[in-house]
Amino acid sequence: MANKLTLGARRVRELAEEANRRNLHTERDLMREVTEILTAAKWTIHDQARNPPRRFGGDMLASRTELGQERRYALDFVVEVNGEKARERQAAFRNYIQQSKQPFQDFDEFWVVGYSVADPMRRNPGNDRHFRVISLEELRALLAPPKSKRSGKAVTKIGKAIEANEKSILLAIEGLKLQIGDRIAKLRDERPNDPDAIKKVDASIAGFEEMQAGLEHIKVAVQQFKKNEVKEKAVVESVHSFKGSLGKWWNKSHDTIYTSASNSAIFIGAAGLLHTIGLDNGAALAIVGSFIGGETVAKVLKSLPRGLFTKQS
């Protein structure tokens with residue numbers, strides 16, 4: 001009897017602690033903490049009264065500059081995100097896309113941010129690169145990872161770039177992985193009947209999967225390098241390997257890259273990542289120049305030579 005009472009009292013205490021925890025954390029608190037994280041990462045927080053993030057609601061509109069272009073993020077704050085809430089927000093998001101004549105005019109990506117996220121689908125529900133569910137701790141780790149014990153010991157250009165721009169590099173990698181994942185999903189949905197067309201689609205998927213794996217390799221190498229778990233050479237090799245995969249895609253699919261908006265976006269992002277990570281190349285420099293000079297990306301990409309990636313960087 002005493003044991004039952006003890007267990008009952010313990011459960012009551014646990015429930016009370018949980019209730020207190022929930023009361024202590026409000027959406028206002030969450031917004032404040034996210035604002036601190038974004039501000040520290042040098043993002044811009046926009047005036048909500050003049051710049052509503054989206055037509056179907058939202059709590060914050062923030063932006064950052066990537067490869068000379070402004071990228072905007074609409075953020076919705078939910079204290080505890082479960083599967084039902086995530087699916088509810090995604091349904092509203094998809095409805096907005098279907099009904100809007102110009103989707104993504106006000107923002108590029110929509111993030112649902114919560115103190116806790118309790119559903120496996122949280123990373124990218126529906127495999128949509130424009131929609132993401134992320135916990136506060138994941139956001140903090142993504143934009144403001146713990147300071148490394150390493151203190152400027154890099155000797156290569158790539159190593160020094162990682163020491164200076166780790167946050168931007170990791171964020172760019174995550175964004176590229178989502179873009180490539182979305183492209184792979186669309187290719188798998190094509191399902192052509194012609195044998196030659198099937199081989200072409202399979203080859204495209206294999207190429208994108210190779211680049212996706214290369215990005216994950218760079219991400220892990222960067223994180224381990226900052227923790228002194230791998231030598232600088234390992235990071236340099238992973239970056240050059242990804243450059244090789246990108247060059248292979250460029251050499252083989254030069255025409256489809258500048259004629260397809262999704263392919264162009266992936267290529268631009270990949271070239272920008274190489275630029276940020278310290279491996280400058282003609283593609284990245286030309287694209288940056290195009291934004292400054294007002295040229296269209298398609299025009300610049302079309303002018304780049306097929307042998308662009310055979311040159312040493």
Side-chain angles (χ1 to χ4, degrees), residues 64-72 104 108-109 124 127-130 158 161 165 168-190 200-219 222 238-313:
R64 66 186 178 93
T65 301
E66 178 183 312
L67 197 59
Q69 281 191 323
E70 182 187 58
R71 288 189 62 81
R72 291 195 166 199
F104 310 115
D108 299 287
E109 294 184 28
N124 186 20
N127 196 31
D128 190 327
R129 71 182 180 84
H130 296 286
I158 290 175
N165 305 305
S168 298
I169 290 169
L170 292 176
L171 189 62
I173 288 174
E174 289 299 326
L176 261 176
K177 285 171 63 180
L178 287 175
Q179 283 183 279
I180 293 175
D182 184 52
R183 189 74 184 102
I184 290 173
K186 290 179 179 177
L187 284 169
R188 285 176 175 158
D189 287 340
E190 289 186 8
K200 188 175 180 180
V201 169
D202 288 344
S204 295
I205 291 174
F208 282 123
E209 287 179 336
E210 180 181 332
M211 286 193 288
Q212 200 172 43
L215 287 169
E216 181 63 22
H217 190 191
I218 294 175
K219 173 186 172 182
V222 166
S238 70
V239 175
H240 278 281
S241 177
F242 176 72
K243 179 192 173 185
S245 298
L246 184 63
K248 188 189 303 181
W249 181 39
W250 172 260
N251 295 333
K252 186 176 180 180
S253 308
H254 176 271
D255 295 335
T256 62
I257 289 176
Y258 62 75
T259 56
S260 165
S262 57
N263 286 350
S264 294
I266 292 173
F267 184 80
I268 291 169
L273 172 64
L274 292 177
H275 176 70
T276 303
I277 211 167
L279 188 60
D280 285 319
N281 55 77
L285 297 177
I287 293 167
V288 172
S290 75
F291 289 133
I292 296 174
E295 296 288 349
T296 64
V297 173
K299 182 177 179 180
V300 173
L301 293 181
K302 191 173 182 179
S303 69
L304 297 177
R306 286 185 180 272
L308 178 68
F309 285 88
T310 62
K311 300 176 182 179
Q312 295 296 322
S313 296

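- With values rounded to the nearest 0.5 angstrom, Leu279 atom CG is found 5.0 Å from Ile158 atom CD1.
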Can Ile169 and Leu273 be said to form a side-chain contact (heavy atoms from CB on, under 4.5 Å), step by step?
CA-CA 7 Å; Ile169 290 169; Leu273 172 64; 4.1 Å; yes

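- In this structure, CD1 on Ile277 lies 13.0 Å from NZ on Lys243, to the nearest 0.5 angstrom.
- Of all heavy-atom pairs spanning Phe242 and Gly214, the tightest one is CD1-C, 4.3 Å.
- Using modelled atom types, one side-chain atom of Ser264 and one backbone atom of Ile257 make a donor-acceptor pair closer than 3.5 Å.
- In terms of modelled atom types and a separation under 3.5 Å, the side chain of Ser260 and the main chain of Asn263 share a donor-acceptor contact.
- Asn251 CG to Leu246 CG: the interatomic distance, rounded to the nearest 0.5 Å, is 9.5 Å.
- Remark: the backbone N or O of Asn165 is not paired with any side-chain donor or acceptor of Ser168 at under 3.5 angstrom.
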Indicate every side-chain donor-acceptor pair of residues 202-212 with a distance under 3.5 Å to a residue at least two apart or in another chain.
from, atom 1, to, atom 2, distance (Å)
Ser204, OG, Lys200, O, 3.1
Glu209, OE2, Arg188, NH2, 2.5
Glu210, OE1, Lys248, NZ, 3.3
Glu210, OE2, Ser245, OG, 2.7
Glu210, OE2, Lys248, NZ, 3.2
Gln212, NE2, Lys177, O, 3.2

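- Here the straight-line distance linking atom OG of Ser238 with atom NE2 of His217 works out to 5.5 Å at 0.5 Å rounding.
- For the pair Asp182/Lys186, a side-chain contact is recorded, criterion being any heavy-atom separation below 4.5 Å from C-beta on.
- Judged as a side-chain contact (heavy atoms from CB on, under 4.5 Å), and not counting sequence neighbours, the contacts of Gln179 are Arg129, Leu176, Ala265, Ile266.
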